[in-house]
Amino acid sequence: MPKSVARTFSVLFSLFGLLALMPAPATAAENCPALLNFKFNRLQDDAPQNLCQYSGKVTLIVNTASYCGYTAQYDGLEKLYAKYKDKGLVVLGFPSNDFSQEPGDNKEIADFCTNTYGVKFPMFAKSAVRGKDVNPLFAALIKTSGKAPSWNFSKYLIDRDGKLLGNFGSTTRPDDKNLASTTEKALAQ
């Protein structure tokens, strides 16, 4: 082997050795805020989803139900999502039967959301949002806020850094001025 080729290999091996000594890049989970560091199955197809993919976004988390007096809020949530998604907002829907108004299975819920309200924001598999079987995201939200959902369409707003900005009850519609103002301020940061 010619000396120039041998020297090139020697330099390359030295570089690879240095690279091996460098610390590994941080994983997504290490950079993920605690309030988003959870995995749930997507409503439509049960594909596992890591909520860390929403890190850096303003996140509105909502427990939903198909047969509730507040179900029409799906329309407002979809409008809110469409209006601000390009600025960094994501709405995450979590169907729950904790208030006996979501009896269907995941496919029925997905069909209802899509066909009735044209929901495009991410929705996740049906789960408990309070009580002894509460899903881990809502357990963390309850612990952080000190408030469990008292009914369907309770809302938790998280900033880009994963900090809880506030929670809004079922009567707070997606077009509420206080919710909009808080969301816009978070998006501007």
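Predicted model only: the values in this text are computed from it and were never measured.
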| query | Does the gap between the ring centers of Y70 and F153 come in under 6.0 Å? | reply | no
Report yes if the distance between the aromatic ring centroids of F40 and F94 is under 6.0 Å, otherwise no.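 Ring-ring flag for F40/F94: true, centres closer than 6.0 Å.
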Looking at [X] and [Y], would you say the former's side chain and the latter's main chain have a donor-acceptor pair under 3.5 Å?
X: E102; Y: S66; result: yes
X: R160; Y: L187; result: yes
X: N106; Y: K126; result: yes
X: D176; Y: T172; result: no
X: S154; Y: W151; result: yes
X: Q53; Y: N50; result: yes
X: S181; Y: K177; result: no
X: T116; Y: C113; result: no
X: S55; Y: C52; result: yes
X: S145; Y: N167; result: no

Could you tell me whether the side chain of [Y] reaches within less than 4.5 Å of the side chain of [X], counting heavy atoms only?
X: L35; Y: L164; answer: yes
X: K147; Y: I142; answer: no
X: N41; Y: Q49; answer: no
X: V58; Y: V90; answer: no
X: I158; Y: L141; answer: yes
X: V62; Y: L77; answer: yes
X: Y54; Y: P122; answer: yes
X: L60; Y: Y156; answer: no

Can you measure from [atom1] ([X]) to [atom2] ([Y]) and round to the nearest 0.5 angstrom?
X: E78; Y: Y117; atom1: CD; atom2: OH; result: 12.5 Å
X: K185; Y: L157; atom1: NZ; atom2: CG; result: 12.0 Å
X: N63; Y: L92; atom1: CG; atom2: CG; result: 12.5 Å
X: D159; Y: L165; atom1: CG; atom2: CG; result: 4.5 Å

- Flag the pair D45 and R42 as a salt bridge only when some basic side-chain nitrogen lies within less than 4.0 angstrom of an acidic carboxylate oxygen.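 Looking at D45 and R42, the cut-off is met.
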Q. So does K107 pair up with D105, basic N to acidic O under 4.0 Å?
A.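 A salt bridge is absent here (no side-chain N lies under 4.0 Å from a carboxylate O).
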Return the orientation label for the Y67 and F112 ring planes: parallel under 30°, perpendicular over 60°, tilted otherwise.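 Ring orientation of Y67 relative to F112: tilted.
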- Task: Carefully, step by step, assess Y84 and E184 under the rule side-chain contact (heavy atoms from CB on, under 4.5 Å).
- Result: CA-CA 9 Å; Y84 293 115; E184 288 171 0; 2.3 Å; yes
Fill in: Distance-only side-chain donor-acceptor flag, Q101 / N152, under 3.5 Å
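There is such a pair between these side chains.
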Let's go through K155 and Q73 carefully: what are the C-alpha distance in whole Å and the side-chain angles of both, what is the deciding distance for side-chain contact (heavy atoms from CB on, under 4.5 Å) to 0.1 Å, and is it a yes or a no? CA-CA 11 Å; K155 301 154 196 75; Q73 286 190 24; 2.8 Å; yes
Got a sec, which residues hit salt bridge (Lys or Arg N to Asp or Glu O under 4.0 Å) with K79, two or more places apart in sequence or on another chain?
->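 By the salt bridge (Lys or Arg N to Asp or Glu O under 4.0 Å) rule, K79 matches D75.
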| Are T114 and V119 close enough, and set up right, to give a side-chain contact (heavy atoms from CB on, under 4.5 Å), and what steps lead you there? | CA-CA 5 Å; T114 302; V119 170; 5.5 Å; no
Can you see which heavy atom on [X] is nearest to which on [Y], and at what distance?
X: M123; Y: Q44; value: O-OE1, 3.8 Å
X: I109; Y: P95; value: CG2-CG, 3.8 Å
X: F124; Y: L51; value: CZ-CD2, 3.6 Å
X: T64; Y: G93; value: CG2-CA, 4.4 Å

message = Before you tell me yes or no, could you show the steps for F168 and N178 under side-chain contact (heavy atoms from CB on, under 4.5 Å), namely the whole-Å CA-CA distance, both residues' side-chain angles and the distance that decides it to 0.1 Å?
response = CA-CA 9 Å; F168 302 85; N178 186 31; 3.7 Å; yes
